[in-house]
Protein chains: 2
Amino acid sequence: MIFPPELIKGTFKTIVLKLLADNKKMYGYEITQRVKELTRERIQMTEGTLYPTLHALESEGLVTTETEYIGKRVRKYYSLSPSGKAKSKEKVKEFAEFVATMQLLLDTNLKAI
Amino acid sequence: MIFPPELIKGTFKTIVLKLLADNKKMYGYEITQRVKELTRERIQMTEGTLYPTLHALESEGLVTTETEYIGKRVRKYYSLSPSGKAKSKEKVKEFAEFVATMQLLLDTNLKAI
DNA sequence: AATAATACATAAGATTCCAATGTATTTATA
DNA sequence: TATAAATACATTGGAATCTTATGTATTATT
């Protein structure tokens, strides 16, 4: 199943923050591949989505960056700042509560009321 | 907890279709109140969101309407068409699968890999 | 030698929601 | 009985956010 964009929208920051919380540091391309792999290609995070997300997180002070060279190729690693770690937990919890709330709407058979 | 709009975005059609599947017919104001009540005010569906959603569903042939008068006040009831019933099931299932996929990203402690 | 994969990034456009606004009726309250 | 709150419809302009497309360059594979 391929998910409609409007469903995935709004979860990208949460996904990136959580991946960084679990992996200390990752670079952009690595994140796109990890998401694809972990979701069995059900969620694709393209560059057009990822890089603006990373840059937004950086400007909010939630991630820090360090640049490495692999040969001549630049690799930009992203890590969580302390506030980023807190934010990661917060966003994951928020998503869980959102799902619980949605289940109040979607799982109950309202005819019985 | 108040959910950020970008998380709720994309679920409105699903919510409305499911409510209509469980209640045969509902009018707009009733839907806003039911959502508020069922989610304990965690999700608010305002008119600016609801009516465009209902009109979109109507133009897609997923809902039909009938107008009633309660005194002088117009009340417009919305019901699912056959394709709307199918769509409702489909969207609810889609949301469940989306959640399952997100849990692949958010619930696993990736450090262990 | 050519292609695919790796790796960064931006920009224009589309979509979609949200806040604000508007009209009108009915019910509750002061 | 006047006023406020709740009920009930609806639209619109703006904001936010993602997606598609595009661009550049290096490294690995065939």
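Below, chains carry the letters A, B, ... as their sequence lines are ordered, and counting in each starts from 1.
- A straight line from CD of B:Glu37 to P of D:dT7 spans 12 Å, rounded to a whole angstrom.
- Put simply, CE on A:Met26 is 11 Å from P on C:dC8, counting in whole angstrom units.
- If you take CE of B:Met45 and P of D:dT7, they are 17 Å apart, rounded to a whole angstrom.
- For the atom pair B:Phe95 CZ and B:Met102 CE, the distance stands at 10.0 Å (nearest 0.5 Å).
- For the OP1/OP2 pair of D:dA6 and a distance below 4.0 Å, the side-chain nitrogens and oxygens of B:Tyr29 include no atom meeting the criterion.
- Each of C:dT26, D:dT26, C:dA5 was ranked by its minimum atom distance to the side chain of B:Arg73; first place goes to C:dT26.
- Contact between the side-chain N/O atoms of B:Tyr27 and the OP1/OP2 oxygens of D:dC9 is not found at any separation under 4.0 Å.
- The side chain of A:Lys72 sits closest to D:dT27 out of C:dA9, D:dA10, D:dT27.
- Taking the nucleotide of DNA chain D with the nearest heavy atom to each of A:Thr46 and B:Pro52, the more 5' of the two is matched to B:Pro52.
- One interatomic measurement links the two molecules: CG of A:Leu54 to P of D:dC18, which rounds to 12 Å at whole-angstrom precision.
- For A:His55 and C:dC8, the shortest distance from a side-chain N or O to OP1 or OP2 is not below 4.0 Å.
- Under a 3.5 Å cut-off, the side chain of B:Ser81 and the backbone N or O of B:Gly61 do form a donor-acceptor pair.
- Whole-Å rounding puts the A:Tyr51 OH to D:dT20 C1' distance at 16 Å.
- Look at OH on B:Tyr69: it is 12 Å from C1' on D:dA8, rounded to the nearest Å.
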Contacts under 3.5 Å, N or O only, protein and nucleotides 15-17 of chain C:
unit_1	atom_1	unit_2	atom_2	d
C:dC17	OP1	B:Gly10	N	3.3

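- In this entry the distance linking CD of A:Glu47 with P of C:dA9 reads 11 Å, nearest Å.
- With rounding to whole Å, A:Lys76 atom NZ is found 18 Å from D:dT26 atom P.
- No option in B:Glu94, B:Glu90, B:Glu60 other than B:Glu60 meets the salt bridge (Lys or Arg N to Asp or Glu O under 4.0 Å) test with B:Lys13.
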